[in-house]
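To keep things clear, I will list the structure first and then write my remarks on it.
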There are 2 protein chains.
Amino acid sequence: MHDVHLDTPSSKCSVCVLGQFCLPVGITQSDIAQIDLLVKERVHLQKGQSLYRHGDPLQSVYSIRYGTLKTEHCLEDGRQQVIGFHLPGEILGLDGIGNGQYQSDAIALEESDVCIIGFEAFEDLARQIPVLQQQFHRILSRELTQDQRHLLSLGSLRAEERLAVFLLNLSQRLAARGYLDHEFDLRMSRVEMGSYLGIQIETVSRMLSRFAESGLIQIKQRHIKLIDMDGLYELAGIPNPERTLEIKRL
Amino acid sequence: MHDVHLDTPSSKCSVCVLGQFCLPVGITQSDIAQIDLLVKERVHLQKGQSLYRHGDPLQSVYSIRYGTLKTEHCLEDGRQQVIGFHLPGEILGLDGIGNGQYQSDAIALEESDVCIIGFEAFEDLARQIPVLQQQFHRILSRELTQDQRHLLSLGSLRAEERLAVFLLNLSQRLAARGYLDHEFDLRMSRVEMGSYLGIQIETVSRMLSRFAESGLIQIKQRHIKLIDMDGLYELAGIPNPERTLEIKRL
DNA sequence: CGAACAGTTGAATTCATTCAAATAAAGTGG
DNA sequence: CCACTTTATTTGAATGAATTCAACTGTTCG
């Protein structure tokens, strides 16, 4: 079913450097031991390999430990669209809970490590550890909010604005994980960016060139530097959160 | 906080005609009694009144008993977009779980009745009734899938296709609730439709006129008849599920 | 009845797409 | 390691779908 290679966990969730994403805070030692037991195995994915495909029966949800994945939905007529890009600490496979089958394909954009969380056992444990249940609900709900922001972008913004929003969102998420946030490698192709943003790759390319020309960014292949954050935030139509402190000081 | 009018429940969830949506199947009598206790009150909304606003602290989620509501998100710069239209049996307010504040506005499109479900008590009860917890997770997950389909529509379809998909989706949801599904009243304005579909109202109007001209629909104000279902499904790029049986027979 | 609002239709404009071609990078096999 | 194919990306020019601007019609409501 999966074109993947299974590992047994070499290190536990309780020592996972990404624990702040995977696990709720304020949980006891014995709780953690139980949660560790949930993650029976881990998968190592090569670039292009799929974690699951739409229609596969839901057995697990997944937590990204290292790497980047995309999820995409497809239409009956063969057209398909990238719905999300996923970074370490994010949970995948949640769209399979609704009717027991994943509704999307999840594909690695680079070599990645993913923890497998048996869903039935997880639901059982969540019942016993209230804070885990709450955290799970929060994760599902935030996922909703994410998608709704994406809807707003596709429905109301011009290509240029969508791209700016996308770059800034990516930057913020990298920052939250302790990665460099003003200079990084785009793990997705222009085709995948365009698909995610609802625009053609030629437009993606043109907009990136335009951003570079205006001094907002520097881009060389998939390596990007965000130069003028204020300019980007202005383009995206949102206030620059990095300046929150300064604003409050005024 | 809410510009609403509170009622005490005159009839219980256990006798709610919409129970198949509100409540999981396969639940015991005593479970039902407990669930009844969750719904402490009900709100009656006039057209245009809001059930909650973004930023309001989450205390409850809501189940629509009668009527239609829209949810919308807004951008910092004032632009806003309709994210969803909601029919009886659907749960609202789920986007507030993530960080304790609703992320959207929910506004009645017509006179509506909504059940208030205290969220904390609900989470507690869900822990005690596994099937209720499971049902809740399914609802959240389906919500995700819904939004992702919407994303696909905004990102990959032309205006005409989006409108066809929208009309068919509405029709299916009405059918699932036992309403007339080939002839009904649109509860939303052209502006709201356009906002939801990511197109201008002039385009909505033009496309509707075009559909009528081609004999796909009949429309007079907000009253619509779907005439040529096959044609609409073809436009939407999806197979007509009403013909599933016939296809299987071939 | 008249004002305000909602919806339709036409014409001009624009943003993004499509088509086409060039360039750059990555992979392949000798 | 190099020539060569394949894939990814960029850029230009022509086209097109949807928007914007504008005018008009139909509804609703005080």
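Letters A, B, ... are given to chains in the order of the sequence lines, protein chains preceding strands, and every chain is numbered from 1.
- For A:Phe184, there are no ring-ring contact (aromatic ring centres under 6.0 Å, His included) partners at least two apart in sequence or on another chain.
- Ion pairing of B:Lys70 with B:Glu192 is present here, as a side-chain N (NZ or NE/NH1/NH2) and a carboxylate O approach within less than 4.0 Å.
- Between B:Tyr102 and B:Tyr62, the ring-plane angle classifies as tilted under the 30° and 60° cut-offs.
- Atoms CG (B:Leu157) and C1' (D:dA17) sit 14 Å apart, rounded to a whole Å.
- The separation between A:Leu208 atom CG and D:dT10 atom P is 7 Å, rounded to whole Å.
- Looking at heavy-atom distances under 4.0 Å, B:Arg210 makes no contact with the nucleic acid at all.
- Sorted by residue number, the members of residues 185-194 of chain B with any non-hydrogen atom under 4.0 Å from DNA chain C read B:Ser189, B:Arg190.
- Counting heavy-atom neighbours within 6.0 Å of B:Gln172 CD, excluding the residue itself, gives a total above 12.
- Atom CD of B:Glu213 has 12 or fewer neighbouring heavy atoms from other residues, nucleotides or ligands inside a 6.0 Å radius.
- Judged by distance alone, with hydrogens and angles left aside, the side-chain atoms of A:Asp185 form no donor-acceptor pair with the main-chain N or O of A:Arg187 at under 3.5 Å.
- Open room surrounds CZ on A:Arg149; 12 or fewer heavy atoms of other groups in view lie less than 6.0 Å from it.
- Reading DNA chain C from its 5' end, the first and the last nucleotide to sit under 4.0 Å from a heavy atom of chain A are C:dA16 to C:dA25.
- Between A:Gln81 and A:Ser195, the side chains place no donor N or O within less than 3.5 Å of an acceptor N or O (distance only, hydrogens not considered).
- Summary of the strand contacts: A:Ile201 and B:Ala159 both lie near DNA chain D, and taking for each the nucleotide with the nearest heavy atom, the more 5' one is attributed to A:Ile201.
- Here B:Arg222 lies in heavy-atom contact (under 4.0 Å) with sugar-phosphate atoms only.
- Considering only heavy atoms from C-beta on, A:Ser60 stays 4.5 Å or farther from A:Ile117 through its side chain.
- Under 3.5 Å, the side chains of B:His54 and B:Gln80 contain no donor-acceptor pair of N or O atoms.
- Axis deviation across the helix from C:dC1-D:dG30 to C:dG30-D:dC1 amounts to 50°, comparing end segments of five pairs, rounded to 10 degrees.
- A 4.5 Å side-chain heavy-atom check between B:Asn240 and B:Met229 finds at least one atom pair inside the cut-off.
- With DNA chain C read from its 5' end, the first of the two nearest nucleotides for B:Ser205 and A:Ile199 is the one closest to B:Ser205.
- Between A:Glu160 and A:Arg162, none of the side-chain N atoms (NZ, or NE/NH1/NH2) sits under 4.0 Å from a carboxylate O, so this pair counts as no salt bridge.
- Each of A:His182, A:Glu183, A:Lys220 was evaluated against A:Lys225; a single residue qualifies, A:Glu183, per the side chain to side chain contact (heavy atoms under 4.5 Å, CB included) test.
- For the pair B:Phe85/B:Leu69, no side-chain contact is recorded, criterion being any heavy-atom separation below 4.5 Å from C-beta on.
- The side-chain heavy atoms of A:Glu72 and A:Ile107, taken from C-beta on, include a pair separated by under 4.5 Å.
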Quick one: which protein N/O atoms are closer than 3.5 Å to N/O atoms of nucleotides 20-23 of chain D? Pair and distance per line, please.
residue, atom, partner, partner atom, Å
D:dT20, OP2, B:Gln200, NE2, 3.1
D:dT20, O4, B:Arg206, NH2, 2.9
D:dC21, N4, B:Glu202, OE2, 3.3

Considering only nitrogen or oxygen atoms on both sides, find all protein atoms under 3.5 Å from nucleotides 25-30 of chain D and state each distance.
none

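- Side-chain contact check for A:Leu92 versus A:Leu51: some heavy-atom pair is nearer than 4.5 Å.
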